[in-house]
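For clarity, every value in this text was computed on a predicted model and none was experimentally measured. Letters A, B, ... mirror the listed sequences (proteins, then strands); counts begin at 1.
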Protein chains: 2
Amino acid sequence: MASEILVIEDEQNVRRLVRIALQRDGFSVLEAEDGKTGLQLFAAENPDLVILDLMLPGVDGWEVCREIRARSSTPLIMLTARGDEVDRVLGLEMGADDYVVKPFSPRELVARVKAVLRRQGAQDNHADEPIVHPGLVINPAERTVLLDGQPIRLTPKEFDLLALLAAHPGKVFPRERLLQRIWGHDYWGDERTIDVHITRLREKLGRNSGAREYISTVWGIGYKFEVAERK
Amino acid sequence: MASEILVIEDEQNVRRLVRIALQRDGFSVLEAEDGKTGLQLFAAENPDLVILDLMLPGVDGWEVCREIRARSSTPLIMLTARGDEVDRVLGLEMGADDYVVKPFSPRELVARVKAVLRRQGAQDNHADEPIVHPGLVINPAERTVLLDGQPIRLTPKEFDLLALLAAHPGKVFPRERLLQRIWGHDYWGDERTIDVHITRLREKLGRNSGAREYISTVWGIGYKFEVAERK
DNA sequence: AACAGCGCTTCCCAATTTCGTAAAAAGGGG
DNA sequence: CCCCTTTTTACGAAATTGGGAAGCGCTGTT
């Protein structure tokens with residue numbers, strides 16, 4: 001299953017170089033020579049990864065990055081002209097997954113594309129598979145939860161929290177990471193917010209149906225999902 | 001957990017700047033002012049990442065890079081004086097993971113360090129691999145510890161201490177370094193504090209189950225982890 | 001072998017940090 | 001404007017942590 005990559009870059013030669021390098025490694029390539037076209041193609045084709053030049057005519061790279069991040073978490077690699085360090089740092093903070101400084105070797109770019117895709121793929125592998133635990137079934141595709149066979153109503157944040165934790169039973173999620181994964185990399189709120197959602201989740205999950213505790217506190221760190229246990 | 005970074009750089013001012021910037025972001029820093037010392041420290045401490053100046057007195061940067069690459073795949077960021085394309089390409093082909101051109105801003109360097117670690121960390125979760133010793137299994141991902149198959153409850157500091165020591169069996173950790181790695185560079189407490197935590201760890205680890213001693217005292221220095229031994 | 005000196009171990013308790021939860025405030029569709 | 005969700009705030013409860021001090025053990029010396 002070849003990944004589809006959208007290249008947004010105004011210099012034709014660079015674009016061609018990148019396309020050839022990517023295609024040689026089996027990727028499928030879409031090209032756009034300005035931000036507007038790029039966003040349209042993005043919306044229409046929903047590619048697996050975007051390579052984005054910062055210096056673009058018309059809608060500039062920042063704007064494109066923002067737009068893409070606003071509506072998806074598709075991996076994004078930035079191309080930046082050498083020397084403006086601000087671009088690099090801000091790029092990472094804007095939500096780019098990696099960046100490459102011009103001029104670059106096509107081989108290096110391909111290596112980074114693969115690295116980013118691998119990283120991504122490792123994280124949300126079975127994105128839509130139901131998550132099943134004793135007495136608890138979570139269905140991400142439908143965003144529904146069954147507790148002892150009975151459907152329960154969760155709010156969006158509650159669902160995301162539960163789905164993330166339950167998808168990795170036993171693994172500890174520091175609050176910081178939960179904020180990053182569920183609230184997004186640019187969220188600047190209080191970590192105590194998580195506690196409140198956890199409290200409500202526990203309430204909906206369990207108090208009624210026996211002395212079960214799905215979500216346990218890891219002191220000084222965060223929370224983790226654990227298979228049901230009797231106390 | 002705080003990553004440990006080795007900075008090999010001859011100019012004291014640059015070294016200091018880098019150290020301060022890294023420490024402010026929670027990294028633990030080792031310094032070397034020439035290639036020879038750098039390689040020794042590398043071998044002794046096995047840091048999580050190396051920042052390497054190309055222009056060094058004595059053994060030069062290329063040589064250091066080669067040596068490091070010859071025996072490990074620890075991430076490496078190069079500092080290069082000029083914006084010579086040659087340096088850069090050679091550097092990447094020599095096995096550097098990134099490079100930074102002097103003069104650079106500390107913020108940029110820290111951003112690159114994080115990016116490289118993130119890229120790295122996603123691939124080989126070395127940091128989260130379980131640490132296994134006879135009768136003792138430590139799982140950093142879950143922050144759990146099994147002693148003779150039975151789970152035991154450790155506090156955050158206890159766990160961090162045990163994980164750090166057990167990850168480097170036989171290696172002596174001076175109190176000073178333990179404070180730096182676990183409490184952070186800006187901690188100003190008493191070194192006796194460590195003793196207290198070690199005491200409590202030993203208690204939880206062992207008194208009951210035989211004359212085993214996992215953590216041994218190195219008189220006048222600090223502590224180390226040793227494979228179980230009967231007395 | 002006894003001794004002195006210094007470092008280590010342990011006990012104890014107070015200070016600090018972190019957590020859970022309630023309640024209030026803020027945000028966001030319809 | 002109302003209802004539902006989310007975020008902030010506040011505070012008591014719980015757990016962890018740090019430092020003092022007494023006692024023990026190691027080391028090198030006499």
Side-chain angles (χ1 to χ4, degrees), chain A residues 70 143 145 152-165 172-184 186-208 211 213-226 231, chain B residues 26 143-145 152-165 172-184 186-208 211-226 231:
Chain A
R143 293 186 71 86
V145 175
I152 59 176
R153 257 176 58 85
L154 298 185
T155 68
K157 281 280 188 295
E158 286 162 11
F159 183 88
D160 290 344
L161 257 179
L162 179 61
L164 178 58
L165 292 172
V172 179
F173 287 82
R175 288 188 174 70
E176 181 189 340
R177 189 145 322 140
L178 289 174
L179 280 184
Q180 202 188 327
R181 290 287 296 263
I182 294 183
W183 275 260
D186 51 354
Y187 182 75
W188 274 98
D190 196 311
E191 293 197 337
R192 200 46 46 73
T193 297
I194 296 171
D195 300 19
V196 178
H197 287 283
I198 291 286
T199 294
R200 291 199 279 248
L201 244 182
R202 282 171 168 163
E203 206 166 323
K204 289 185 181 177
L205 278 181
R207 300 294 152 78
N208 23 348
E213 199 67 288
Y214 286 108
I215 298 173
S216 53
T217 305
V218 181
W219 229 86
I221 312 289
Y223 297 93
K224 73 169 149 182
F225 185 95
E226 278 184 320
K231 215 176 228 167
Chain B
R143 293 187 71 89
T144 55
V145 175
I152 59 177
R153 259 176 57 87
L154 299 185
T155 68
K157 284 278 190 297
E158 286 161 11
F159 183 89
D160 291 343
L161 257 178
L162 179 61
L164 178 58
L165 292 171
V172 180
F173 286 84
R175 288 188 174 70
E176 181 191 348
R177 185 135 325 134
L178 289 174
L179 279 184
Q180 199 192 325
R181 291 290 301 261
I182 295 181
W183 275 260
D186 49 356
Y187 180 75
W188 277 104
D190 198 308
E191 292 197 339
R192 283 287 91 65
T193 295
I194 295 171
D195 303 18
V196 178
H197 287 280
I198 292 285
T199 293
R200 294 200 271 243
L201 242 182
R202 283 171 167 164
E203 202 167 330
K204 289 185 181 178
L205 278 182
R207 299 297 151 76
N208 21 348
R212 236 178 351 191
E213 200 67 288
Y214 286 107
I215 298 172
S216 52
T217 306
V218 181
W219 241 78
I221 312 288
Y223 298 93
K224 71 171 157 180
F225 185 94
E226 278 184 321
K231 215 176 232 167

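One finds no side-chain N or O of A:Tyr223 lying less than 4.0 angstrom from the OP1 or OP2 phosphate oxygen of C:dT18. Applying the 4.0 Å criterion to OP1 and OP2 of D:dT7, one finds that A:Tyr187 has a side-chain N or O inside that range. Regarding contacts with the backbone of C:dT9, a side-chain N or O of B:Thr217 is found under 4.0 angstrom from either OP1 or OP2. Between D:dT17 and B:Thr155, a contact under 4.0 Å exists linking OP1 or OP2 to a side-chain N or O.
Using a 4.0 Å heavy-atom cutoff across all strands shown, B:Arg175 reaches sugar-phosphate atoms only and no base atom. Within the 4.0 angstrom heavy-atom criterion, only backbone atoms of the sugar-phosphate kind lie near B:Trp183; the bases stay farther away. Contacts of A:Thr193 with the nucleic acid, taken as non-hydrogen atoms under 4.0 Å apart, include base atoms. Residue contacts for A:Phe159: at a heavy-atom cut-off of 4.0 Å it reaches no nucleic acid atom on any strand shown. Counting any heavy atom pair closer than 4.0 Å across all strands shown, B:Asp195 reaches a base atom.
Nearest heavy-atom pair, A:Lys157 versus A:Trp183, reported as atom, atom and distance to 0.1 Å: CE-NE1, 3.1 Å. Listed here is the closest heavy atom pair of A:Gly220 and B:Pro156: CA-CG, 4.2 Å. Of all heavy-atom pairs between B:Leu178 and B:Leu164, the closest is CD2-CD2, 3.9 Å. A:Lys204 and A:Ile152 get closest at one heavy-atom pair: O-CD1, 4.1 Å. B:Glu226 and B:Ser216 get closest at one heavy-atom pair: OE1-OG, 3.0 Å.
Note: CD (A:Glu191) to P (C:dT18) measures 10 Å, nearest angstrom. Residue B:Ile221 contributes atom CD1, which lies 12 Å from atom P of D:dT27 at whole-angstrom precision. With rounding to whole Å, A:Ile215 atom CD1 is found 11 Å from C:dG20 atom P. Taking atom CG on A:Leu161 and atom P on D:dT5, their separation rounds to 15 Å, with Å as the unit. One can place CZ of A:Arg153 at 15 Å from P of D:dC3, the figure rounded to the nearest angstrom. Distance, B:Ile182 CD1 to D:dG18 P: 11 Å, rounded to whole Å. Protein atom CD of B:Glu158 is 18 Å distant from nucleotide atom P of C:dT17, rounded to whole Å. One can place CZ of B:Phe173 at 20 Å from C1' of C:dC8, the figure rounded to the nearest angstrom.
Both B:Val218 and A:Arg192 lie close to DNA chain C; mapped to their nearest nucleotides by heavy-atom distance, the more 5′-ward contact belongs to B:Val218. Take the nearest nucleotide of DNA chain C for A:Arg200 and for B:Val196: the residue whose nucleotide is more 5' is B:Val196.
In this structure, B:Glu158 CD and B:Ile198 CD1 are separated by 10.0 Å, a value rounded to the nearest 0.5 Å. Separation of atoms CD1 (B:Ile194) and OH (B:Tyr223) is listed at 7.5 Å; rounding is to 0.5 Å. Here CG of A:Leu165 is found 10.5 Å from CG of A:Asp160. Values are rounded to the nearest 0.5 Å.
For B:Asp190, the side-chain atoms get nearest to D:dG19 when compared with the rest of C:dT17, D:dT27, D:dG19.
Between the axis at the start and the axis at the end of the helix from C:dA1-D:dT30 to C:dG30-D:dC1 there is an angle of 40°, using five pairs per end and rounding to 10 degrees.
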